[in-house]
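Only a predicted model underlies this, so the values are computations on that prediction, with no experimental measurement involved.
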Amino acid sequence: MGRVRRVRRSPAFIAGAILTALLISVALAAPVLAPYSPTEQQLTQGLLPPSPEHWFGTDQLGRDVLSRMLFAARTDFGIAALAALAPFVVGVGAGLISGYFGGAVDWVASRVTDTVIAFPFYVIVIALVFALGAGAGGIVVAFALVGWVGYARVLRAMTAALRESGWVRSARGSGFSHARVLLRHVLPNVLPQAVVLLATEIVLIMVAIVTLGYLGLGIRPPTPDWGTMIADAQPFVTTQWWLAAIPGAGVVLTGIALSLLGDGIGDLLRVPATQGRRGRSRPGGRAGARAERRGPDAPGTPDTPGAREPRSDDALAAGAVSVVGLRIAAESGAMLVGKRAGIDLELRAGESLGIVGESGSGKSLTLRAMLGMLPRGTRAVDGGVAVAGAAGMVFQEPLTALDPLSRVGSQVRAAVQAASPGIARRATEKRVLDLLEQVRLPDPARISRAYPHELSGGQRQRVVIALALAGSPEVLLCDEPTTALDVTVQREVLDLLGRLRAERGLTLVFVSHDLAVVAEMCDRLVVMADGDVVETGTVGDLIEAPRSAEARALLAAAPSLPELAAPAEPAVPSDPFEPSVPDTPVAPVTSVTHRASDSVPRRDAPALLEVRDARVHFGATSAVAGVSLRLEAGAALGIVGESGSGKTTLARAIAGQLPLTAGEARLGGAVLGTKRSRAELRRIQLVPQDPYASLTPRRTVGSVLDEVLRVRGAGPTAHAASRNLAADRSIRVRQLLHRVGLEPDVADATPDRLSGGQRQRVAIARALAADPQVIVADEPTSALDTTARARVLELLRDLRDELGLGVVVISHDLGVVHELCDRLLLMRGGEVVESGDRSFFTAPRSEYGRTLLASVARL
């Protein structure tokens, strides 16, 4: 149904498909439709004008122009299709291989491509046709030799960009051959662009065929061809204009049809944006207007009896917000927010309100309604929003909220000028530097000249806050502003927002799935579930005595850390090669959903995974500098540290996705080489941070899992010679989905149709399909809400305890490591600062460890 809806929403595809189908049908039916033979000459009836007998008239030899047009279309379409096929295959293959392998292969392919491109297209085609001989054969061979370069260059660039994408790395990590990765994973994702290029290329080839025919190098007479028809009509352009105009119109119409069809096919094959991802809006916009509504005849609008209106902006004190009866629906009519009753919220000037709930509960849509910028495809169908004054927005993902090709200063300058259109240039520059200074960015002049990718995550988030402040807002809306930040940067951003609120008297609306963060920042809390408000109250009352089941579930799933003990004298860091078990049993964590491991490895258990003095360099930069660790079967090791500490680089090196510059890794006592075999790659599986990016966009979940099982040669039965291996794998796929807590129908879904928690579970299921001994989970809960996070942690704990897997957890969330891991490494600047057992959470031995723990927001 999604594909049908996309067809209906693509006028280009509909128009292009209809026109192309008509042209091809007419060409194929030429022998039936043509009233005369295209080569029959009637010299006594030459140059007749259009008439009922000859609809398009006759040429100088008395041949019926309509009949020749129909047969010429048949000839030109056929030759164009044949001439486009070989370049398409050659160009796509060359682009895939060049972009995927890179290095010497890419250099050689690029030089060959550059050599062909150096010659003017029409000059080389004419030369080849002249050398090979005029006619269909010469044209097809000529285009096969020169027409592939366009595909090769575009596909090479696209493949090179995808080569290091999460889902390509995951496919290689599952032990797939390069050929399988290219054909089953990369090709389907670059094919839409190649198809669009093919449609364009056919148009160019048809124009070239007409040009060659006009020059006498095309189809030999008497075979009809649009190019030769135009050439023959040249002497009669001023007297019998239709002889040249009609075939010319055929060429133009064909070009339009194929261009529209190519664009439409691209629209259909393009992977839809993931559900629930936020649309991009300009920061710092004003939200004084009410949320958008339907027309006056739509149900639930003010003209409908019973509709509710917010108080007008003039009736509110500056900085106040009124949301009354708000209901938001998708274009399909499905209600997204305010399903049972409209959303009602009131904020006084200077007040802070936190909105919490699971993903999909309607938090962000409600916030966007306050901004007056609902995402495309949604609309407010009832009630409305009034904001007294200007509103600024701080977005969750600063890297996507900032233009990657514009310097920071120019983006802040644009926001300042939008807020104050008549401001002078000198005043604008001063205002830009003032804003960057207000958000506590060091050296504002340098930051102003930097591009977003040159800044750290915390600095980018501060720039986004500066953009929100550019319009001097009375209301500041924050949508998950600290979700992807490590605890120290999160603490800096929270302190900055608190200071700005106190200094400016801002009204703050803070959306987050982190209850501890919201409780620290806000006076009141609103709990949302399934598009409705289920509970409101002060922070203290809601945390101490939640009334709704949803609020109790959020509190039960919230991470917790023990209180820090008083500082002690620093001790020598513990040996990373000690077994991953504390000296005394660890008491279970007292929480409904948090429990300690049921199976604790023995102190004398042999090492499953050992890493000794691992070093990873990127050129002159040292990302990992001499890290050692040890992991037993059934144990969990946490690796923590701030962003840029080398955690993810170490995880990829352990999984074999990056080579070690020095040091070694051992699995089961055997040294893992620099280039691992497919079997070795399968034994250590990486669950990447972004499961959406790690799953092939165009493949269903079932096909992804089935492919891993097929390559591994696995089935639910012991005998590999089963007569129905496909059925066996289908059973195994369902077992894997059940193992990770997913329903069987998830197998038929593509990644864009799944929630964040479901995608994370699918990524774990894919890792399990490879039958690993070690799972390396890189930030497995960073983008999940509290309840989804708890489910994923419970799943990892069960896999460790029941299957005896070794688990390495990379995280900046100390609560995740506290709940799951027996032992941890604390990294900073690529080095291990501290290693130890769970006593770290109460008595860290390093000052850096104490700083991290002190930065964590706690309930």
Side-chain angles (χ1 to χ4, degrees), residues 16 20 24 27 75-102 104-119 121-122 124-125 127-129 131-132 135-163 168 171 176-209 212 254-255 257-259 261-266 268-270 696 698-699:
T20 304
I24 293 175
T75 300
D76 290 347
F77 268 108
I79 295 175
L82 288 175
L85 182 60
F88 178 79
V89 175
V90 173
V92 169
L96 285 174
I97 294 171
S98 174
Y100 181 79
F101 289 103
V105 174
D106 183 34
W107 188 90
V108 171
S110 297
R111 299 296 75 77
V112 173
T113 303
D114 292 342
T115 302
V116 177
I117 290 177
F119 293 93
F121 176 75
Y122 275 105
I124 192 172
V125 167
L128 287 170
V129 171
L132 296 169
I139 292 173
V140 171
V141 174
F143 278 103
L145 292 175
V146 301
W148 58 272
V149 292
Y151 299 106
R153 290 191 67 124
V154 173
L155 271 294
R156 180 259 174 201
M158 295 181 67
T159 304
L162 295 177
R163 181 174 59 205
V168 172
F176 296 169
S177 65
H178 291 309
R180 178 177 287 274
V181 174
L182 274 172
L183 296 177
R184 299 295 299 275
H185 294 264
V186 178
L187 178 59
N189 288 280
V190 299
L191 198 57
Q193 184 62 43
V195 170
V196 175
L197 287 175
L198 175 62
T200 305
E201 191 72 12
I202 293 176
V203 175
L204 295 176
I205 290 174
M206 291 200 68
V207 172
I209 292 172
L212 292 171
T254 302
L258 290 173
S259 297
L261 181 63
D263 291 342
I265 291 175
L268 294 185
L269 295 180
R270 193 171 295 116
T696 307
R698 299 179 184 279
R699 302 283 299 277

Contacts under 3.5 angstrom, residues 137-155 side chains, donor-acceptor by atom type, not counting sequence neighbours:
from	atom 1	to	atom 2	distance (Å)
Trp148	NE1	Leu145	O	2.9
Arg153	NH1	Asp114	OD1	3.2

Side chains of residues 91-101: which donor-acceptor partners sit under 3.5 Å, not counting sequence neighbours?
from	atom 1	to	atom 2	distance (Å)
Ser98	OG	Asp106	OD1	2.5
Tyr100	OH	His178	ND1	2.9

For residues 75-85, tabulate all N or O donor-acceptor pairs below 3.5 Å that involve a side-chain atom, not counting sequence neighbours.
from	atom 1	to	atom 2	distance (Å)
Thr75	OG1	Phe71	O	3.0
Asp76	OD2	Trp226	N	3.3

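Atoms CG and CD1, from Leu258 and Ile202 in turn, are 6.0 Å apart once rounded to the nearest 0.5 Å.
For the salt bridge (Lys or Arg N to Asp or Glu O under 4.0 Å) condition, the pairs that include at least one residue of residues 177-204, sequence neighbours left out, are Arg180-Glu707.
Residues Ser110 and Arg156 come closest through the heavy atom pair OG-NE, 4.4 Å.
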